[in-house]
Amino acid sequence: METLTDTAFGLLFVIATVTLSLGSYMLARWFAGRGPYERHKEMAGTMVTRIAALHGLIIALVFAQEMTSYQRLETQTAAEASAIADVFNDAARYDPALLRPVQENMREYLKVVIDTEWTQLGAGRGLSDAAWAAWATAYEQVLDLMPQTPRQVSLRDHMLASLHAISASRDMREAEAITSVAHFFWIAALSGVVLIAFGHYIYAPERHNLVLLGLFSAYTGAILFLIFGFSNPYSPPAALHPAPLQTLAAKLLAGS
């Protein structure tokens, strides 16, 4: 169902871009009046080529940056799940009876992140205070430990390092939600579509010309849709699900 919704939204994105392009072309034809346009073809062709080159470069750079951020978040989520598992398992190795509260806080942390925080980030409301509270409680509990053996010293140090890694992952997740450059990109992208269409006013609105302009616009719309989707990885249409955290939660909650 989600895939169908995303596909439908993508088609609407493409249709809107094609409509904008062809509408701009028709507006330019109306504004320029009746030909002849032959003496303007060289200048118009040069202008369109330069604008199209800049437009393509901007889209390529933004697409690459958004895709990189998306993949970085995916990798960081897996690293966060690994750090949570390390804290949980090291607590059992240290003293399962003494550190059961730490394990319970890790379970609670996972539940809040999956059930609440991910959606909250998608809505632009930042990280969950409840998740921070669960993390902080576990951190204080590990800090208060009094290791009696070298084994316990090593385990306590590793748990603290893992908790620091979880905190760093949280900060990175919040940064990914608020630092997208795509918000500043849309003016340049849409104005490029309009200007390129304007520059083709010298060509008659014949079927083949309209089809070619429509194909160009449709492809541009598809790329813009992908950029739009990757710009907010926490919500549709290209929502990145916290699969590593969900897999870990299923294992930890099953043993609670």
Side-chain angles (χ1 to χ4, degrees), residues 65-66 68-181 230-235 239-256:
Q65 179 166 331
E66 293 298 333
T68 299
S69 297
Y70 191 89
Q71 293 174 328
R72 183 168 58 243
L73 176 61
E74 191 174 27
T75 301
Q76 194 64 39
T77 302
E80 183 178 359
S82 177
I84 295 169
D86 285 346
V87 173
F88 191 91
N89 293 326
D90 284 346
R93 296 184 184 101
Y94 188 99
D95 188 328
L98 177 64
L99 294 188
R100 186 173 299 277
V102 172
Q103 294 179 319
E104 291 302 321
N105 277 298
M106 289 294 95
R107 288 191 178 102
E108 178 63 22
Y109 173 82
L110 277 171
K111 289 174 62 178
V112 174
V113 170
I114 295 169
D115 297 340
T116 304
E117 186 172 82
W118 211 262
T119 303
Q120 189 169 306
L121 285 167
R125 298 197 302 271
L127 296 171
S128 167
D129 292 336
W132 272 126
W135 175 89
T137 302
Y139 186 68
E140 291 292 338
Q141 290 166 339
V142 175
L143 279 177
D144 290 339
L145 292 175
M146 301 292 290
Q148 301 299 318
T149 65
R151 171 187 171 90
Q152 290 184 334
V153 170
S154 177
L155 288 169
R156 177 181 180 273
D157 290 345
H158 190 243
M159 282 189 284
L160 289 174
S162 297
L163 286 164
H164 288 154
I166 294 170
S167 176
S169 293
R170 292 179 58 73
D171 291 336
M172 192 282 291
R173 281 199 282 113
E174 184 175 39
E176 293 293 347
I178 62 177
T179 58
S180 174
V181 300
F230 290 139
S231 66
N232 188 347
Y234 301 100
S235 63
L240 175 64
H241 299 289
L245 298 177
Q246 291 171 329
T247 301
L248 178 62
K251 294 178 181 178
L252 299 189
L253 295 176
S256 60

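This one's a predicted model, so the numbers in the text were calculated from it and none came from an experiment.
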What heavy-atom pair brings [X] and [Y] nearest, and what distance separates the two atoms?
X	Y	answer
M106	F88	CB-CD1, 4.4 Å
V112	A131	CG1-N, 3.7 Å
Y234	E174	OH-N, 4.4 Å
A138	N105	CB-CB, 4.0 Å
A91	Q103	CB-CG, 4.0 Å
S235	G122	OG-O, 4.2 Å

Please report the interatomic distance [atom1]([X]) to [atom2]([Y]), rounded to the nearest 0.5 Å.
X	Y	atom1	atom2	answer
M159	S154	CE	OG	9.5 Å
Y109	L163	OH	CG	9.5 Å
I84	R107	CD1	CZ	12.5 Å
T68	L73	OG1	CG	12.5 Å
L160	L155	CG	CG	11.0 Å
R125	T116	CZ	OG1	9.5 Å

I need the full list of ring pair (Phe, Tyr, Trp, His ring centres under 6.0 Å) pairs touching residues 131-151, with sequence neighbours left out, sorted by first then second residue. W132-W135, W135-Y139, Y139-H164
Side chain to side chain, D171 and S167, heavy atoms closer than 4.5 Å: yes
What verdict does the side chain to side chain contact (heavy atoms under 4.5 Å, CB included) test give for S162 and H158, after you've listed the backbone C-alpha separation in whole Å, the side-chain angles of each residue and the deciding distance to 0.1 Å? CA-CA 6 Å; S162 297; H158 190 243; 3.9 Å; yes
Where the side chain of [X] meets the backbone of [Y], is there a donor-acceptor pair that is under 3.5 Å apart?
X	Y	result
R156	L143	yes
T75	Q71	yes
Q120	L127	yes

Step by step, would you call L145 with L99 a side chain to side chain contact (heavy atoms under 4.5 Å, CB included)? CA-CA 9 Å; L145 292 175; L99 294 188; 3.5 Å; yes
If we count only N and O atoms by modelled type, under 3.5 Å, do the side chains of Q76 and S169 hold a donor and an acceptor together? yes
What verdict does the side chain to side chain contact (heavy atoms under 4.5 Å, CB included) test give for T77 and W118, after you've listed the backbone C-alpha separation in whole Å, the side-chain angles of each residue and the deciding distance to 0.1 Å? CA-CA 11 Å; T77 302; W118 211 262; 3.7 Å; yes
Set of residues satisfying side chain to side chain contact (heavy atoms under 4.5 Å, CB included) with respect to Q152, sequence neighbours excluded: Y94, P147, Q148, T149
Does R72, at its CZ atom, have more than 12 non-hydrogen atoms belonging to other residues, nucleotides or ligands within less than 6.0 Å? yes
Between E176 and L121, does a side chain to side chain contact (heavy atoms under 4.5 Å, CB included) hold up when you go through it step by step? CA-CA 9 Å; E176 293 293 347; L121 285 167; over 6 Å; no
Suppose we screen for salt bridge (charged side-chain N to carboxylate O under 4.0 Å, His left out). Which residues come up paired with R173, at least two apart in sequence or across chains? E80, E117
